[in-house]
There are 2 protein chains.
Amino acid sequence: MKTSIGPRAIIQPNPVLIVGSYDQYDRPNIMAVAWGGICCSKPPCAAISLRQATYTYGSIRHSNAFTINIPSTSFVREADYVGIYSGKKEDKFNSLGLTPVKSDVVNAPYVKEFPVVLECEVLKVVEIGLHTQFIGEIKDIKADENILAENGLPDIGKLQPFIYNSAGQNYYALGDFLGKAYTIGRKE
Amino acid sequence: MKTSIGPRAIIQPNPVLIVGSYDQYDRPNIMAVAWGGICCSKPPCAAISLRQATYTYGSIRHSNAFTINIPSTSFVREADYVGIYSGKKEDKFNSLGLTPVKSDVVNAPYVKEFPVVLECEVLKVVEIGLHTQFIGEIKDIKADENILAENGLPDIGKLQPFIYNSAGQNYYALGDFLGKAYTIGRKE
């Protein structure tokens, strides 16, 4: 028997997306985005949802570009810091000892120390409610060589991304391998 | 030093979202959606991206509603099956021995055996490219009582959702607790 818990914004799990942008003074900034993910395969696009009150909202409106950086588990404290403090008041790259690198394909900075970055140009802006969704076309992905799999794509076991659980407001690591997709469910 | 891997649709990790809908004959169907997640807190909304070629695309266009069902790790084979075979050709609920339940708030069925379901009414349809994004307002969430935490919301440790890794086409379980959000990153 299921219990109604009301209309709430809960899906478990969420990825941890650290969004990089330049503000109107070309200063690099990063924020943590809880709501986002891939939204189209062709062209490859990622969506992030921001409140207008965030500093990054104005920056993306100004620059029309952003990066999505995926941190490894070793950066969980840095990711949480990025989600607590605002770029209005401080240079978070500097506070955390992280290095901003200017993307060579879009007008946005990425985090050198994080293993994977998606470089996105704004394709659509969707007003939903408290959050505005920015749909960015992924112009390139850059990744540290040591986390690539044999197929040339990021190996999730080497990347060790972590998970944000909005319902409990906490973080979890990646667990055990469960099986191959499009394989374990096949009819015999 | 980062390597360019080109423009690709990769964010790690992705949730596993099993989308329920009625077709034009009011037959219940489920599909697996790789691209989706929460996209707004107020009103609470979830986005799913579908190709027009999918059977569910036509169903949601017809019914204007869908459910997002979150399976536990024990249902990884069922979830993979749902992602392989089309509702055009078979009744997947019947094939898998799962039970469709008609939502009491939207015109869509959910999976009784899966522990959490979001009941969504289409709020916006965003044409992106190969994928169309359906933004659904979450009218209610229903959950099995035995997976609720003390705060009345789904406990991710009890739910045991799993993860889809699109770059490697495989599934992973939830791992270790890493820390409290808005806490472990605070300045001392």
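In the text below, chain A, chain B and the rest are named by the order of the sequence lines, each starting its count at 1. Just so it is clear, the values below take in all heavy atoms, side chains as well, and ignore hydrogens, waters and symmetry mates.
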Less than 4.5 Å to any heavy atom of chain B: does that hold for the side chain of [X], its backbone, both, or neither?
{"X": "A:Cys39", "result": "both"}
{"X": "A:Leu50", "result": "neither"}
{"X": "A:Ile38", "result": "both"}
{"X": "A:Pro13", "result": "both"}
{"X": "A:Leu96", "result": "neither"}
{"X": "A:Ile163", "result": "side chain"}
{"X": "A:Ile48", "result": "neither"}
{"X": "A:Phe75", "result": "neither"}
{"X": "A:Ile184", "result": "both"}
{"X": "A:Gln169", "result": "both"}
{"X": "A:Ile70", "result": "side chain"}

Report the option among [options] that has the most heavy-atom pairs separated by less than 4.5 Å from atoms of chain B.
{"options": "A:Glu119, A:Lys112, A:Glu78, A:Glu145", "answer": "A:Glu145"}
{"options": "A:Gly83, A:Gly129, A:Cys45", "answer": "A:Gly129"}
{"options": "A:Ser95, A:Pro115, A:Ser166", "answer": "A:Pro115"}
{"options": "A:Cys40, A:Ser49, A:Gly157", "answer": "A:Cys40"}
{"options": "A:Ile135, A:Ile141, A:Ile84, A:Leu153", "answer": "A:Ile141"}
{"options": "A:Ala32, A:Pro154, A:Ala46", "answer": "A:Pro154"}

Under 4.5 Å from any heavy atom of chain A, what part of [X] do you find: side chain, backbone, both or neither?
{"X": "B:Lys139", "value": "backbone"}
{"X": "B:Val76", "value": "both"}
{"X": "B:Leu17", "value": "side chain"}
{"X": "B:Ile138", "value": "both"}
{"X": "B:Ile68", "value": "side chain"}
{"X": "B:Ile10", "value": "both"}
{"X": "B:Leu159", "value": "side chain"}

If hydrophobic clusters are built by linking Ile, Leu, Val, Met, Phe, Trp and Tyr wherever their side-chain heavy atoms come under 4.5 Å apart, do [X] and [Y] end up in the same one?
{"X": "A:Val19", "Y": "A:Val116", "value": "yes"}
{"X": "A:Met31", "Y": "A:Val122", "value": "yes"}
{"X": "A:Leu98", "Y": "A:Val33", "value": "no"}
{"X": "B:Val125", "Y": "B:Tyr57", "value": "yes"}
{"X": "A:Trp35", "Y": "A:Phe162", "value": "no"}

Between the side chain of [X] and the main-chain N/O of [Y], is any donor-acceptor distance below 3.5 Å?
{"X": "B:Lys142", "Y": "A:Ile5", "answer": "no"}
{"X": "B:Lys42", "Y": "A:His131", "answer": "no"}
{"X": "A:Asn151", "Y": "B:Ala167", "answer": "yes"}
{"X": "B:Asp140", "Y": "A:Gly6", "answer": "yes"}
{"X": "A:Asn170", "Y": "B:Lys180", "answer": "no"}
{"X": "B:Asp80", "Y": "A:Tyr182", "answer": "yes"}

Can you tell which of [options] has the highest number of heavy-atom pairs within less than 4.5 Å of chain A?
{"options": "B:Ala143, B:Ala149, B:Ala79", "answer": "B:Ala143"}
{"options": "B:Leu148, B:Ile147, B:Asp155, B:Thr183", "answer": "B:Thr183"}
{"options": "B:Gly179, B:Gly168, B:Gly152", "answer": "B:Gly179"}
{"options": "B:Leu130, B:Ile156, B:Ile128", "answer": "B:Ile156"}
{"options": "B:Pro161, B:Ala34, B:Ser4", "answer": "B:Ser4"}
{"options": "B:Tyr172, B:Phe177, B:Tyr81, B:Tyr110", "answer": "B:Tyr172"}

Which pair of non-hydrogen atoms, one from [X] and one from [Y], has the smallest distance, and what is that distance?
{"X": "B:Tyr164", "Y": "A:Ala181", "answer": "CE1-CB, 3.8 Å"}
{"X": "B:Pro15", "Y": "A:Ile11", "answer": "CB-CG2, 4.2 Å"}
{"X": "B:Pro44", "Y": "A:Ala9", "answer": "CB-N, 3.7 Å"}

More than 12 heavy atoms of other residues, nucleotides or ligands under 6.0 Å from CG of B:Asp91: yes or no?
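Count over threshold, so yes.
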For B:Tyr85, does the six-membered ring have the charged nitrogen or CZ of A:Lys187 within the cation-pi criterion, i.e. under 6.0 angstrom from the centroid and within 45° of the normal?
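The answer is yes, since A:Lys187 meets both limits relative to B:Tyr85.
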Spacing of A:Leu174 atom CG and B:Asn165 atom CG [to the nearest 0.5 Å]:
8.0 Å
